[in-house]
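One structure below.
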Amino acid sequence: MAGGALPGFRDFYPDEFAHRAHIMRAWREVARRYAFVEYDGPPLEPLDLYTRKSGDEIVGQLYNFTDKGDRQVALRPEMTPTFARMVAARANGLRKPVRWFSIPQLFRYERAQRGRLREHFQLNVDIVGEPSEVADAELLTVAIDCMRELGLTSADVQARVSDRRLLTAMLDAIAVTSDAAIAAVLLTLDKAGKEQEPTGVTRLTTAGLTAAQAAAVFSWTRSDYSIEHVRREFANQPGVLQHLALLDSYFAHLSALGVGDWVRLDLSIVRGLAYYTGIVFELFDAKGELRAICGGGRYDNLLKELGGVDLPALGFGMGDVVLGELLKERGLMSRAVPARPDLFVIGGPGAPTEGMAGALKLIGALRAAGFSVDYGLSDKKYQAPPRGQFETAQKAGALAAIYYDGTGAITVKGVGGKFADAPTLQLPAPGLLSGAADITAQLTTFISSLSSNV
RNA sequence: GUGGCUGUAGCUCAACUGGUUAGAGCACCGGUCUGUGGCACCGGGGGUUGGGGGUUCAAGUCCCCUCAGUCACCCCA
C-alpha cells in the first residue's frame, strides 16, 4: 500500500520486532555456548571494498552513492570484506583460532521476493586460523544448533554438504578437466532439480562432455547418492579417496558433536562460485518450500586476496527472513511477543484520598525496586470507575493490577482468569513505598507466581 | 532487468451479469454495568476501493498506464 516503507524494507511493529528479537536472542545464545565473541563494523563502506574482488558489475546490486566528501560509498551487502579487513589489520595480535560472530543488517538492491528483501539481518559466524576439518564440523554444528535453539528439529531442517576439492577430484577421475567443462558442471549441479535433465545434458555436451560423462554428473545429484556410492565408484582413484577420508572424518566429528542426523552429502551444493575452497554447506527446510536458510563453507584463500593475510578461514551466513518464515510456518514464533509490564497501577478504593500524586509515588517506588510498571497517563483515567481500569490493566498485558485499597494498605491482584478467583496480595503501604527489602521480595514472589501461570 | 497473478478499513473478508450514501467481524476510542470477567450492552472514529487516466447516464466491478505485493526467470558476493 502507499506510504509504507521502501520496497524490500520492513517496518518492525512491536509484534514483528519481538519475532526479530526472538531470532537474535537464539543466535547470541548459541554463539555464547560455542565461545564465539561478537563484533561489528560500519554499515557504510568504501565502494571499492566490494568492487575490488567482484568487479564493477556488482554495483548494480549495491546501494551506492557519492558522499559529501566525494567518496564512492556503499551500504554493506555482506559482512565478509569488512570482517577480512578487521582480521587482517590485527592478524598478528589475534589469538588463533579466531571465533567471531556478528549480526549485521545487510543491503542489496534487487527485486524483492518472498524470503528475499533488500535489507535483512544476517548472523555471520567465522573461524580463522584453523585448517582442520574439525573446525568445519564445529562451524556447521553452530548453524544447526541455531535451528535447535529455535525449536526446529532434523525433521524440519536438513544440512546438505559438499566439497569443492572432492568434486574436482571426481571430475578429474572421469577426465573432465577444462575450465569451461567444470564451469558447466557446477552450473548444472546448482540447477539440479530446478531444470529438466535434457537441458542440463545439452549444456554439458556443448561444453565438451561425452554423454557418459554427463550421465555420471547427473547420477551424483540423485538424492540417495551417498558417500558410499562415491567410495565404490572411485575405489581406484587415490585423489578422490584422499578427499573422501577427510569427509569421513568430518562426518564422524559431526556425529560426535550430536548433529549427525541433520547432515547428508549433496554434491549439488555449489554455493555461488568464486571463493569457497573446501567443504561447503547449506541448510534447507525439509519440505523444500523455502530458499536456503543458511550457507557457508571454507574459504582458505579469501583473507589473502582481500586483506593480505594468509590464514585459513571458514564461515557461514544465516539470514533472518527465510528463517522467520519457517518458524512462523511451524508455529514456533507464537511465543515471541512484546514484553509485558509486571504491574499496572489503577485507582482503587483508596484513590480519592491518595490522589494522582500518591499513585505517582507508588509508581516511582515500584520502578526503583525494579518492577516494570504501566499506568493510565491522566488523572481522568485514574479517577475512572475501578472496573474499567481493571480491564485497562488486562489489555495493557500487565500481570497484576495494583492500587491503594482504602484501608491504608496496597493491594495487588492478578489480572488473569476470573476476578473473584484472582490471586491477591496485600502489602503495607509504608514498606512498599520505602522499598523495604522484605516487602518488595514478597511482591517479586507474587509476580513470578503469576507469570509462571501465563 | 523480463514475464504471469493479485491489490476494498489497522487485520480477515463482503458488495449479483457495471446500478442508491462501499458493509460485517475482530481491533481501536468513548460510555453503561460496584462486579462469575481475557464478559455483555450502547455509541463513535476510521476508506479518494493502491495511484492516475479512459469507456459509460452510471465504475470497487470494464480498458490503458503506473505503483506495490507475489510467483517464475536473472542474480544470489
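Only heavy atoms go into these numbers, but all of them, side chains included; no hydrogens, no water, no symmetry mates. Since the model is a prediction, treat every value here as computed from it, not as a measurement. Throughout, protein chains are lettered first and strands after them, A, B, ... in sequence-line order, and every chain is numbered starting at 1.
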Provide the distance between the two [atom1] atoms, one in [N] and one in [M], to the nearest whole Å.
{"N": "B/A15", "M": "B/G31", "atom1": "P", "value": "37 Å"}
{"N": "B/U32", "M": "B/U48", "atom1": "C1'", "value": "37 Å"}
{"N": "B/G3", "M": "B/A9", "atom1": "P", "value": "29 Å"}
{"N": "B/A22", "M": "B/A58", "atom1": "C1'", "value": "15 Å"}
{"N": "B/U17", "M": "B/G46", "atom1": "P", "value": "32 Å"}
{"N": "B/G18", "M": "B/A59", "atom1": "P", "value": "13 Å"}
{"N": "B/G52", "M": "B/U61", "atom1": "P", "value": "12 Å"}
{"N": "B/A40", "M": "B/G19", "atom1": "P", "value": "36 Å"}

What does [N] pair with, Watson-Crick or G-U, if both distances are under 3.5 Å?
{"N": "B/C75", "result": "none"}
{"N": "B/A59", "result": "none"}
{"N": "B/U36", "result": "none"}
{"N": "B/G47", "result": "none"}
{"N": "B/C26", "result": "B/G10"}

Handout entry: NZ or CZ of A/Arg118 within 45° of A/Phe107 ring axis and under 6.0 Å
Key =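 The answer is no, since A/Arg118 fails at least one limit relative to A/Phe107.
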
Exercise for the section: Cation-pi check, A/Arg99 to A/Tyr34: give yes when NZ or CZ is under 6.0 Å from the six-membered ring centre and within 45° of the ring axis, no otherwise. Expected result: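 No cation-pi geometry.
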
Problem - A/Asp48 side chain to A/Thr51 side chain, donor-acceptor N/O pair below 3.5 angstrom - result: no

What's [X] touching, base or sugar-phosphate or nothing? Going by heavy atoms closer than 4.0 Å.
{"X": "A/Pro77", "value": "base"}
{"X": "A/Leu6", "value": "nothing"}
{"X": "A/Gly8", "value": "sugar-phosphate"}

Practice task
Compare side-chain N and O positions of A/Lys191 against OP1 and OP2 of B/C73 and report whether any pair is under 4.0 Å apart.
Solution key: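 Indeed not, no polar side-chain atom of A/Lys191 lies that close.
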
Handout entry: A/Gln113 side chain near B/A72 phosphate (N/O to OP1/OP2, under 4.0 Å)
Key =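 Looking at the OP1 and OP2 atoms of B/A72, one of them is under 4.0 Å from a side-chain N or O of A/Gln113.
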
Practice task
Assign each of A/Gly388 and A/Phe107 to its nearest nucleotide of RNA chain B by heavy atoms, then name whichever residue's nucleotide is nearer the 5' end.
Solution key: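 Looking at the nearest nucleotide for each, A/Gly388 comes out on the 5' side.
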
Handout entry: Given RNA chain B, 5'-ward residue of the pair A/Lys380 and A/Glu110, judged by closest heavy atom
Key =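 By nearest-heavy-atom nucleotide position, the 5'-most residue is A/Lys380.
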
Exercise for the section: Report the residue from A/Lys328, A/Arg10, A/Arg20, A/Arg25 that forms a salt bridge (Lys or Arg N to Asp or Glu O under 4.0 Å) with A/Asp320. Expected result: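 For A/Asp320, the salt bridge (Lys or Arg N to Asp or Glu O under 4.0 Å) test succeeds with only one of A/Lys328, A/Arg10, A/Arg20, A/Arg25, which is A/Arg10.
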
Problem - Polar side-chain contact A/Arg111-B/U2 base: donor and acceptor under 3.5 Å - result: yes

Rounded interatomic separation in angstrom, taking [atom1] from [X] and [atom2] from [N]:
{"X": "A/Ile269", "N": "B/C76", "atom1": "CD1", "atom2": "P", "answer": "16 Å"}
{"X": "A/Leu117", "N": "B/C71", "atom1": "CG", "atom2": "P", "answer": "10 Å"}
{"X": "A/Leu187", "N": "B/C74", "atom1": "CG", "atom2": "P", "answer": "9 Å"}
{"X": "A/Gln394", "N": "B/G38", "atom1": "CD", "atom2": "C1'", "answer": "5 Å"}
{"X": "A/Lys395", "N": "B/G37", "atom1": "NZ", "atom2": "C1'", "answer": "12 Å"}
{"X": "A/Gln61", "N": "B/G1", "atom1": "CD", "atom2": "P", "answer": "13 Å"}

Can a salt bridge be assigned to the pair [X] and [Y] using a cut-off of 4.0 Å between side-chain N and carboxylate O?
{"X": "A/Lys287", "Y": "A/Glu329", "value": "no"}
{"X": "A/Arg165", "Y": "A/Glu133", "value": "no"}
{"X": "A/Arg116", "Y": "A/Glu110", "value": "yes"}

Practice task
Could you check which of B/A77, B/G30, B/C39 has an atom nearest any side-chain atom of A/Glu78?
Solution key: B/A77

